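Chain naming here is simple, since letters A, B, ... match the order of the sequence lines and numbering starts at 1 in each. Treat the numbers as computed from the prediction; the structure is a model and nothing was measured.
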Amino acid sequence: MSTDSQSPARSSAVISLPAVLGVFLLLAAGTYAALIYAPTEATMGLIQRIFYFHLASGWTFFVAFALVLVGSVAFIWTRDAKWDWLSVASAEVGLAFVTVVLVTGPIWAKPVWGIWWTWDARITSTFMLWVLFVSYLVLRTLVDDPERRAVVSAVFGIFACLDVPLVYFSIWWFRTQHPQPVIGGGGSLDPRMWWAVLMCWAAMLGVMAVLIRIRYRLEAMRAEVDAIRLEASMGD
Amino acid sequence: MRWSGVARNNFFAIWSRAERSRVSTAHASSSIGVPSGGPGSGLRIQFTGIEKRYGMRMALRGVSLEISAGECVALVGHNGSGKTTLLKIAAQLSRPSRGKIVFNERGIELSPEEVKSRIGMVGHHTLVYDELTAEENLIFFAKLFSLPDPEGRARQALEPVGLARRAGDMVRTFSRGMRQRLGIARALLASPGLLLLDEPAAGLDPEGQQWLGDTLGNLHAAGCTIVMSTHGRNETQASVTRAIRLEGGKITHDSGLGGDPNDVLVMAAVRGMQEEDETSS
Amino acid sequence: MTGLGHATGVILAKELRTEFRSRELLGTTIVFVLIVIVLFSFTFDPTSSESRRFGPGLLWLAFLFAGSLMLQPSFLREHTNDTLSALRLAPIDPFSILAGKMAANFLFLLLVELILLPVFAVMYNTAILPVIGPLVLVFALGTLGITTAGTVFSAVAAQARLRELLLPLLLLPLMAPVLIASTEATAGLLRDPSELSLVWMTFLVTFDVVFLTAAWLFGEYLLEE
């Protein structure tokens with residue numbers, strides 16, 4: 001396993017300080033861009049600025065989600081535990097980002113459009129994705145043996161990921177047939193706004209990477225503790 | 001971390017992935033001229049460094065063993081010593097966390113698919129369907145093994161186990177002993193070269209045990225390799241040629257090829273009785 | 001090694017024989033769907049136009065719930081005498097175990113649906129005879145989606161705790177596209193004038209192909225120990 005082939009002195013670090021600092025900088029830049037650099041939107045006012053984080057989180061959770069698929073397939077292929085660690089880390093972090101999207105959405109929608117929620121295509125699909133992530137994590141808590149858990153969640157993860165494009169398409173086509181009020185869209189974006197979006201996205205990706213890395217190391221360390229216990233019990 | 005290397009090796013070791021082709025290979029049937037139950041030549045098994053881990057528990061810790069064709073081996077040890085796990089691995093129901101297992105028949109190594117058609121197993125559970133009749137059960141498995149004339153084979157298989165008259169009855173109505181016998185008939189359907197039995201004497205009355213001992217004797221005489229896990233001394237062990245004792249996932253005693261199994265068997269029986277005393281007091 | 005098709009056929013035959021001998025699963029499922037249909041009738045005013053609006057969705061919801069319950073025994077039955085090990089000992093492609101059960105579950109659920117279709121038509125005053133052909137096709141495609149994933153997940157649930165809750169928890173979110181597509185296709189057919197939506201039909205076929213392929217590629221790993 002090539003996860004941590006670092007020198008003994010450094011391998012105990014969960015994450016390197018430069019990486020954390022770098023992400024902090026990105027986050028600061030993104031926040032600055034969103035809150036100060038970007039111009040205030042004409043009709044929506046100040047609350048619109050939450051849109052930058054909302055959109056960035058939205059794009060970010062897709063990345064996390066793709067990592068779950070990659071991890072699941074790779075685990076089935078290689079049976080190397082590190083892919084399982086990647087899957088669970090990405091799923092948990094991805095779930096956090098989807099939650100951010102689902103929470104910032106209504107916060108933005110209520111003052112601007114007057115309603116908390118609508119069952120339009122995007123929101124409904126996002127909510128379905130949230131449910132799928134949750135199912136994946138619940139499944140993991142219900143299987144005790146680590147190896148079975150890894151296999152079983154990898155298979156479910158693959159099925160869930162294959163389902164996602166089908167979910168999105170079916171909900172989208174359904175909504176074109178039966179339209180609902182759409183919120184969260186409208187208006188072209190000033191070029192400075194685009195910069196803000198991209199900065200925020202970069203920041204969110206940085207945060208995602210850091211969180212996944214930490215969670216991954218946590219899982220790896222759990223595995224090492226297990227292995228040490230096993231080694232110790234074998235000694236008698 | 002100092003432990004990293006060790007940890008890396010132990011945890012989730014990538015076990016050897018046997019190649020599995022999706023194309024069905026022709027069934028290598030050694031045509032059976034003898035009545036159902038007569039095996040072909042026995043299989044030779046080689047276990048090398050077998051380890052099996054279930055979560056936090058090591059069921060097998062480095063078992064290396066060679067069983068030659070035609071041997072009748074008794075695996076002894078208390079519960080949790082790894083007997084069932086070893087049998088499951090031999091039956092290919094479980095994959096070892098580490099190590100390799102190789103099967104040979106008449107000197108030719110067998111592929112995993114071929115091995116499956118040469119193995120019969122009698123497990124802890126009966127491995128037959130309650131909702132079907134005895135005959136239907138055997139026909140079903142005969143078909144899965146691609147045996148010619150499954151109906152005929154099934155009827156023939158019921159004779160030696162004394163269930164011919166109950167062929168049309170639901171297994172649900174059978175006693176424990178009868179189910180055991182049906183399970184054995186099922187295991188012998190394809191005339192296996194290797195018969196694996198997991199505590200077959202459990203649940204059999206002395207008469208049943210005697211019958212099983214005789215059946216195993218016949219199979220042994222015909223050249224079938226037999227590996228049987230057992231708790232203590234009983235009537236089924238008449239034909240045993242070799243006894244191996246497992247403790248804590250490791251082999252502690254092996255009477256060896258051509259050795260005398262009785263010492264190991266007696267020792268197992270004595271230990272077994274000590275256990276009973278301890279648990280009952 | 002026994003061929004995939006042959007082994008699947010043998011296992012399918014066994015499942016059919018077992019079920020038709022006792023008919024307990026079929027009977028119970030039919031009663032369950034009936035109860036759901038009746039309960040749904042209390043939630044809206046079942047006039048003709050309302051029925052046409054809500055009916056198909058309710059029907060498919062009922063089928064989905066029924067499916068998530070009746071797919072449980074599929075693998076649980078194999079645990080009683082550890083017959084799953086007996087199946088895995090046989091020289092067959094492990095996928096044929098899944099495939100045989102998928103085929104059996106598909107036939108059972110479809111049978112339940114077809115038995116209940118006339119009942120639904122009567123209770124909600126909808127005309128189904130003119131569109132019975134396409135309707136059966138929609139039912140078949142939707143049911144295939146439910147039973148493919150459902151059988152795979154019942155194998156997953158058999159290895160976990162809380163399996164009675166787990167199977168619906170895993171299956172229902174994944175089946176959302178099937179629910180939408182089947183409901184829309186059914187509603188389209190029952191509408192006046194009836195139309196068969198090519199988009200939804202193609203979608204259902206795609207769904208089925210995707211999940212059958214996924215089950216074929218990855219399903220067997222669920223049967224290991």
For salt bridge (charged side-chain N to carboxylate O under 4.0 Å, His left out), just list the numbers for R175(A) and E184(C), CA-CA rounded to whole Å, side-chain angles, deciding distance to a tenth of an Å, and then say yes or no.
CA-CA 11 Å; R175(A) 280 303 168 206; E184(C) 286 296 291; over 6 Å; no
Does any heavy atom of chain A fall under 4.5 Å from the side chain of [X], the backbone, both, or neither of them?
{"X": "A181(C)", "value": "neither"}
{"X": "L170(C)", "value": "both"}
{"X": "A155(C)", "value": "neither"}
{"X": "V199(C)", "value": "side chain"}
{"X": "F211(C)", "value": "both"}
{"X": "L222(C)", "value": "both"}

Where does [X] contact chain C at under 4.5 Å (heavy atoms): side chain, backbone, both or neither?
{"X": "V155(A)", "answer": "side chain"}
{"X": "L166(A)", "answer": "both"}
{"X": "T141(A)", "answer": "backbone"}
{"X": "V138(A)", "answer": "side chain"}

Going from CG on L139(A) to CG on L162(C), what distance comes out if it is rounded to the nearest 0.5 angstrom?
11.5 Å
What I'd like to find out is whether the side chain of F75(A) reaches to under 4.5 Å of the side chain of Y221(C), using heavy atoms alone.
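Contact flag for F75(A)/Y221(C) side chains = no.
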A side-chain contact here means heavy atoms from C-beta on lying under 4.5 Å apart; do S72(A) and F218(C) qualify?
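No - every pair of side-chain heavy atoms lies 4.5 Å or more apart.
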Using a 4.5 angstrom heavy-atom cutoff, name the option from P173(C), A157(C), A160(C), P177(C) with the most pairs to chain A.
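When all of P173(C), A157(C), A160(C), P177(C) are compared, P177(C) has the most.
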When F169(A), F159(A), F174(A) are compared by non-hydrogen pairs under 4.5 Å with chain C, the top option
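The residue among F169(A), F159(A), F174(A) with the greatest pair count is F159(A).
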